[in-house]
Every structure is written in structure tokens, then in C-alpha cells.
Number of protein chains: 2
Amino acid sequence: MKMEKETTIYDIAKQLNISPATVSRALNDHPAINIDTKKVIISKAKELGYRTNIFASNLRRKKTNTIGVIVPRLNSYFMSTVLAGMEKVANEASYNLIIAQSLESVKKEMANVKTMFNSHVDGLLVSLSYDTENLDHFEPLIKKGVPILFFDRVLTHKKCTSIVIDNLKAGYEATNHLIAQGCKHIMHITGNLQRNVYQDRLKGYRLALAESGLHYCEELVRTTDFSYQSVNEMVQYLTSLKPVPDAIFITNDFYAAHCIVALKQAGFSIPEDIAIVGFNDDPIAMVVEPNLTTVRYHGQEMGEVAAKSLINHLNEQSSIKDTNAIILHSELVVRASSLKGKST
Amino acid sequence: MKMEKETTIYDIAKQLNISPATVSRALNDHPAINIDTKKVIISKAKELGYRTNIFASNLRRKKTNTIGVIVPRLNSYFMSTVLAGMEKVANEASYNLIIAQSLESVKKEMANVKTMFNSHVDGLLVSLSYDTENLDHFEPLIKKGVPILFFDRVLTHKKCTSIVIDNLKAGYEATNHLIAQGCKHIMHITGNLQRNVYQDRLKGYRLALAESGLHYCEELVRTTDFSYQSVNEMVQYLTSLKPVPDAIFITNDFYAAHCIVALKQAGFSIPEDIAIVGFNDDPIAMVVEPNLTTVRYHGQEMGEVAAKSLINHLNEQSSIKDTNAIILHSELVVRASSLKGKST
DNA sequence: ATGAAAGCGCTAACAC
DNA sequence: GTGTTAGCGCTTTCAT
């Protein structure tokens, strides 16, 4: 195949009888450059199909303009909105994104971190995998001074900032809502309690119970990996309880939706027999019947804030050094799955 | 903040009193290198926290080991499995992935392509946006000899390979299934007919109708952008038809699920009044009631095949030059939403 | 406003 | 098996 040789600034310089330095400056919007020479250079560059060699540029400038993103999975509505937010901000600031999924495994997460390390990312945005226990694998990056910002699923580290919602409050509100509906035996199905998001929501759950004088009962709290396969077992478990719970607060909309289906199949009425509250306001909440009450938080915003904070820090427009955490807004969205008809 | 200076092969060389070339060779598993020197070098490298500067390396080797991926959206189950497949293969071949979403807009797609171009990706994997009309914006890449492989949503280009399922066959089978259930007025709701996937499925639909002697009727075919907001309007339209369709083949599971909900609200029984078939086997198919009959195809496999083909081509282990298209398997998964009880 | 020149860190051709 | 050396394409002082 005949293919064009790569054009360099030297080619442009030669053709225009000027120096490569001038070409470089023109292409980079250097202030001290004649507007006319600049125009000529840019049009010549276009003509020759020039593209900057970012490797030469990165090598020289010791900056890659690349941000690494590690997420557990890409396949949730929430995560994809987060990424859209990050991409938007990154694009505007001419940063590139390298995205990797840990598929909920620390092992994969470690490999991802290593890749990011070797890619010399300027900074890292991370939502931790299901079973990450500590941040040791991030140390090499931290030692090199690469800023790391955790979002949503975080662990605290004295040198890193976290972006989260107030999960305790969200869990509290969800549980309180169920209590307000008259529920007395509220089950809580959640994820690995090492993850802040689940730990804090549990705290909120307990707080709400305590405030209402309801008894906290260990057998009403169950953790799961949210796999589709485990739903039936879970439903079997909960229906074997005495008394059967009259409400469930489930920290995952997809799992909640599957539970609703399974519970209905088992003969329960939702919400009359069992009221359900989910988490995340996934579009599935509007499909499952009855529609799912859930906690909404804005993924796009979280992504934007995360990326913006990191980039501002990188551009030294502000520092996140001393910011320990940024808390974003969340709200309970009440739908039919939790509304016990009070008037009947 | 005190942070370590970046270690180079020169640092290692100096400390070990050998030449940088030897260090480079050792680190790159060059065959002609003493096993002992290699060991010493590697342990020294680890000690100093050395990481290769891929920019210097890329600059020198004129290869980036990076593959660009452009997809319409990340937020579908299908797409995330595709990406997981690509990542797996890429990782194994030590390629990196740069992922970008076009958010279904050509404009954004063009920007993405430009970014990829400037990132000097070795190759590109693309699923086209909703409204892409031609491949002109890929020409700069093609001119430079960067191989581009389209998957799922494709347009043919003499220099590019496509990876798809047999959408015509899938559409044909879906429609035929509905016909076999005794449906006579089968509606088809689909996407922009410029996209091969929708165009071909429509062809399959028409073929099935024709074969069964059913009349093809334009008012039974509607296109949509699959936005949640348009569901009600669509349902209103279809219920205003005379006669009201007794089946709908919808080329998107999410939209199909929403339609089921809306139709039920409008008083229709699914599948008795209206049978529904979707497309993609999204997990939502198992949540909506009745469970959705759909066409399944394996995203992970599509991702793996796409990445593998491209990488093999890049490594010159095989060429995709003369491969116009690769067709993957798909199958109809029959569930309750389309099963009219024949025995009643 | 522009040019000359050095050097970022690595690799590979060539020598020994 | 190892060293020498040149240069990938760019940016950036320092001059002018």
C-alpha cells in the first residue's frame, strides 16, 4: 500500500523557508508570533496533512496530557454517565482519557494501575473494585507524585481526594422512608461492607432504625455480589425469615428489579406485602413493575467534578492536596415500589 | 512535595557500569544478552523504581501499541461486554486501548477521530454513531495507512473490514417467529435506516413477510432514536392504527421493555393482544414482564474477534486487507413476550 | 518576531 | 555479548 510519509515541522519549515522553532510556536499559539506567518504555517500544515507527534512532544515536555480512569465496570447507566462527564471536561481541557475496567477484581485493578503507571498518566481517577482491600498498589504512582482521585467507591488515603455522595444520609433517608410507610421489619441487601458506599449506607440504615426505636437485627442484613444468579437464593432466604420482612432496602437497582420479579413470582405483592427501595436510579427502575423507588445521584456531575478537580490540580489552578473529600448531592426518588397505600 | 526523579536507563547503566544499550536490551528481552547481566539489570531497575518512558520508545520505534475505540455509547450491556472482550485481547498482546464515545453524534465522532489521529493510534475499532452518513472523516487515518475495523454498526469501505452479525437473518427469524405465532399485523420499530444494522433487519422483516404472503405496509414501520421520551408517542401511534398490530418487532431491548410497560398501561395484554420481540438480549429482557423474546449475540466475542483481527494485522501475522467482512453468530431467544398460548 | 542548538529517553545499526 | 553513536520530532532557552 502506498502511504504518505509523516510530515514533521521540519518539512513545513523547509517549504516555507523558516525555522522549525517558528513552526512549533505557530502551531502552539505562542503569543510572540506574527499573525501572518502563523496563518501561512497553519495552512501549510493542513495542506501537508501534518499532525503533531505527541510522543516527541510528551518526551520533551514531560507531560502526557493523559488521565487514566479505572472503573469496576462500564456496563451501568451510572458509570457511563460518569465517563461522559469526565470525557466532556477532559476534552475541553485537551486531556485524553485512558479507560480501563477492573471487572470488580483487585487483580485486574492492579494490572490496570501498572498499565497506567507505564503510560505515564498525569493523573488517575479511580472507582475501586468490589474486593480491593487497600491502596498499596497505588503507592508507586503516589510516590512519583501522580495525583489520584477516588470517586464513588473510595478508600481514604492521606494524599488522595475522594468524591462521593453522602451515603450515610442516603441510606438513612431510604430507610426512613420505608419506616414512614409503616414498615417494621426492614431488610437490607447490600455489597461488600469494605466498600465505603455500602458501609455508609448500612450506617444510615442503622441510624434510621435506631431513631425510630426499631430493633437492628443481623439476620436482616445480607451482602451479595449482586450477581443475577444469587437472586433466587436471596429471595428464598428472606421468605424463610420469621416474620417475613415487610420492606427491603437494596443498594443496587438491577438487583432490586430482579428481586421484585422473583418476589412476585413467589406470590408476594409489591409494595403491599414487601416494599422495595433501590439505589442509583438506573433506567431499569422505570421498567420494572411496580416502578422502583430509588436514590438518585447525578453520574455526569460526579464525572465532571472529578475530572475538573484533577485537571485544575494538574494545571496548578487549584490544589486538591488539602481537600480530603468532596460530597455531591443525592435524593430519594419515590415511586410505586415503596408506597403502601395509606388510605386503604 | 518531595517526589522521586524519574529513573532512566542511563541511571541504571551508570550504577552498574555498563552501557545504556545493554540495559535497554535486557529490559526488552533481547535474545543476545547474558542471563546474569540481565538479572542484575532487572533487579536494579526494580530497586530504582524504573519505568520505561514509552514516549521515548514510541518516538524511536514509530509505533504506539495503542488501539483507538470509538463507540456510540458505553452504557449498554452489549457495548460493555464488547469492550471487555477487546480489553482482554489487547492486554494479552500488550496493546493499550483509548476508548471514546460519540454519544450518537457525528460531530462528536469526528472530534474523536481527530483525537485518535493525533494520538497516533496504531489502529482503530469503530462502531458508528446514529447519524453518521459517510466515512469521510476517517480518510486522514486511512491515507496514513492506519487500519480501521468497523464492528456492529458499519459502513462498507473498500479498505476497511467489518465485523457484524447477519442482521438480515436475525430480522428474518424474529419476524418469522412472530408469524409462526399467528400474528398477521406485525409492526417494526427500528433505528436510522442508514445504519446497516437497522437496514438489514428491515430487509429480513420484509423477506419474512413476503415469504408468508403477508402484505408489507409502510405505516407499520417506524424509526426512532430509542429515546425514552418517545415511547408514549409511539404507543399512541400504534394503538391508533386500524387494525392495531398484533405484534411488534423492536430492534432495541430497552425500548421494547418500555413499550411493554406503556402498552400494558394502555390496557393491552402482552403477548395475547400484542406479541413483542426485541433485540440484543440485554439483562432488562429478564426483568420486564413478560420476559422479552430477543435476538442474542455475543458482545464479548465480537470484541475479541475485532481486537484480535486488528492486532494480527498490525503484527503482520495475518492481513485483514482482503477480508471484507466477518460474520458472527446470533440466535433468537424465545421468552414469554412473544408466545401466544396456542393451546387455548 | 524569529533562529540556532541542545536535549528529552530510548532503540538499533554498526562495530568490536 | 556488549559498547558507541546517531537520531526519532519536538520544545525551549538563549541569542539576535
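Numbered from 1 within each chain, the chains take letters A, B, ... in sequence-line order. Side-chain atoms are counted along with the backbone in the values below, which use heavy atoms only and exclude waters and symmetry mates.
Comparing C:dC10, C:dC8, D:dC10 against the side chain of A:Thr8 picks out D:dC10 as the nearest. The side chain of A:Ala32 has C:dT2 as its nearest neighbour among D:dG9, C:dT11, C:dT2. In this structure, of D:dT2, D:dC8, C:dA5, it is D:dT2 that holds the atom nearest to the side chain of B:Thr37. Taking the side chain of B:Ile18 as heavy atoms from C-beta on, and the options D:dG3, C:dC8, C:dC10, the nearest nucleotide is D:dG3.
Rounded to an integer number of Å, the gap from NZ of B:Lys14 to P of C:dG9 is 12 Å. Following rounding to the nearest Å, B:Ile9 (CD1) and C:dT11 (P) show an atom-to-atom distance of 6 Å. Rounding to whole angstrom units, OH of residue B:Tyr50 and C1' of C:dG9 are separated by 8 Å. Atom C1' of nucleotide D:dC10 and atom NE2 of A:His30 are separated by 15 Å, given to the nearest angstrom. When the P atom of D:dC10 is taken as reference, atom NZ of A:Lys62 falls 19 Å away, rounded to whole Å.
Heavy atoms of B:Ile54 sit nowhere under 4.0 angstrom from any nucleic acid atom. Nucleic acid contact class of A:Asn58 (heavy atoms, under 4.0 Å, all strands): none.
Relative to the six-membered ring of A:Tyr130, A:Arg195 misses at least one condition, a distance below 6.0 Å or an angle of at most 45° to the axis.
For a distance-only test at 3.5 Å, the side chain of A:Arg25 qualifies as a donor-acceptor partner of the base of C:dG3. Residue-to-nucleotide contacts include a donor-acceptor pair under 3.5 Å from the side chain of A:Tyr10 to the base of D:dC10.
Between A:Glu104 and A:Arg153 there is a salt bridge, with a side-chain nitrogen of the basic residue lying less than 4.0 Å from a carboxylate oxygen of the acidic one. Contact check on A:Asp131 versus A:Lys107 returns no salt bridge, with no Lys/Arg side-chain nitrogen under 4.0 Å from an Asp/Glu carboxylate oxygen.
Taking side-chain N and O atoms only, B:Ser19 has a distance below 4.0 Å to OP1 or OP2 of D:dG3.
The closest side-chain donor-acceptor pair between A:His157 and A:Glu139 falls under 3.5 angstrom.
Of the possible donor and acceptor atoms, none in the side chain of A:Thr161 sits under 3.5 Å from a partner among the backbone N and O of A:Ala325.
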